Amino acid sequence: MEGGGGPHSSRTAEEVFRDFRGRRAGMIKALTTDVEKFYQLCDPEKENLCLYGLPNETWEVTLPAEEVPPELPEPALGINFARDGMEEKDWLALVAVHSDAWLLAVAFYFGARFGFDKESRRRLFNMINNLPTIFEVVTGTAKKLSKEKTSNSSSKNKPNSKTSRPAESQTRASKMHSPKEDEDSGADEEEEEEEDHENTLCGACGDNYANDEFWICCDMCERWFHGKCVRITPARAEHIKQYKCPSCSNKRARV
């Protein structure tokens, strides 16, 4: 199917999750780092358009498949019609919600097609549920919730610098300064570590930060990004007085 990724050979929950993750990354790019291009392609004067995420982490805005029934479940139709009738952030959030629904539909379509049993379906859902939704990435909800959880346990989770490497700053610092350190252990420490990871989600790809990766914070929306996702190197970041992520830069340009 054009726009849907074509025939698929996945047979295990892990392979379907890999497909899910690739499509998800593509749609997140459309709604964050490539938002200007995505916005322009969603012309309300055109016919019913859909946003497709492809397994190779790219995205496509195109017409729905002509065959009935289609090879895969179809994304929400006509996302372009609402573009000029809504605030941009609300429109992007709406597309994000429908994108999340479509990704789940595709994943469990494969699950049914390949005859997943109860355990395989549970394993697939758990892997999917460990990732923030596209809506949470686009709106920053995951980061806001994590901030609320950790506000009482740390004076400030972010490093003093707007750029950092998690292994040496945020993750370790938040653990070292937690007032619960003397009271709680075991499960509490695991919860604390999970919160730290939740608070370090890339605003572009939505994934957690790896210990050895460079990252940077947008001074406008305060979201964190992998340097590689926004094409910023440590050397270049040293000369940036106020960093604005692609999404914030595009919004400012349109205003």
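Note that the structure is predicted; figures quoted are calculated from it, not measured. The analysis underlying the following values was restricted to heavy atoms, covering all of them including side chains, and did not include hydrogens, waters or symmetry mates.
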* Structure fact -> Minimal heavy-atom distance between Ala107 and Phe20, with the atoms involved, is CB-CD1, 4.1 Å
* Is there a side-chain contact between Val230 and Pro246 (heavy atoms, below 4.5 Å)? -> yes
* Would you say the side-chain atoms of Arg223 pair up with the backbone N or O of Val137, donor to acceptor, closer than 3.5 Å? -> yes
* To do: Tell me, please, whether Trp59 has Lys37 positioned over its six-membered ring: NZ or CZ under 6.0 Å from the ring centre and within 45 degrees of its axis?
  => yes
* Taking all heavy atoms of Ala30 and all of Phe38, pick out the closest pair and write down the distance. => O-CB, 3.3 Å
* Asked: Should we count CD of Glu119 as having more than 12 external heavy atoms under 6.0 Å?
  -> yes
* To do: Over 60° means perpendicular and under 30° means parallel, so classify the ring planes of Phe114 and Phe116, tilted if in between.
  => tilted
* At what distance, to the nearest 0.5 angstrom, does CZ of Phe17 lie from CG of Leu124? -> 8.5 Å
* **Between Tyr109 and Trp102, ring centroids under 6.0 Å** => no
* Asked: Under a 4.5 Å cut-off applied to non-hydrogen side-chain atoms, are Leu49 and Thr62 in contact?
  -> no
* To do: Indicate yes or no: does Glu57 engage Arg24 in a salt bridge with an N to O separation below 4.0 Å.
  => no
* Asked: For Glu14, does the CD atom sit with more than 12 other heavy atoms under 6.0 Å from it, leaving out its own atoms?
  -> yes
* Check ion pair Asp19-Arg23 (N to O, under 4.0 angstrom) -> yes
* Quick one: does Lys29's side chain get under 4.5 Å of Cys205's, heavy atoms only? -> no
* To do: Output yes when a side-chain donor or acceptor of Glu15 lies under 3.5 Å from a complementary backbone atom of Arg11, and no otherwise.
  => yes
* Note, Ile240 side chain near Ile232 side chain (heavy atom, < 4.5 Å) -> yes
* Side chain proximity check, Tyr39 to Leu41, heavy atoms < 4.5 angstrom -> no
* **Close side-chain approach of Cys50 to Leu77, heavy-atom, < 4.5 Å** => yes
* Charged N-O contact under 4.0 Å between Glu71 and Arg113 -> yes
* Kindly indicate whether the side chain of Leu31, heavy atoms from C-beta on, has any atom under 4.5 Å from the side chain of Phe135. => no
* Got Asp43 and Asn80 here, is their nearest side-chain heavy-atom distance under 4.5 Å? -> no
* Structure fact -> What one should report as the nearest heavy-atom pair of Gly203 and Ile28 is O-CG2, 4.5 Å
* Grab the two heavy atoms, one from Ala237 and one from Phe214, that are nearest each other, plus how far apart they are. => CB-CZ, 3.7 Å
* Asked: For Thr233 and Arg236, what are the C-alpha separation, side-chain angles and deciding distance, and is it a side-chain contact (heavy atoms from CB on, under 4.5 Å)?
  -> CA-CA 5 Å; Thr233 62; Arg236 183 180 174 189; 3.3 Å; yes
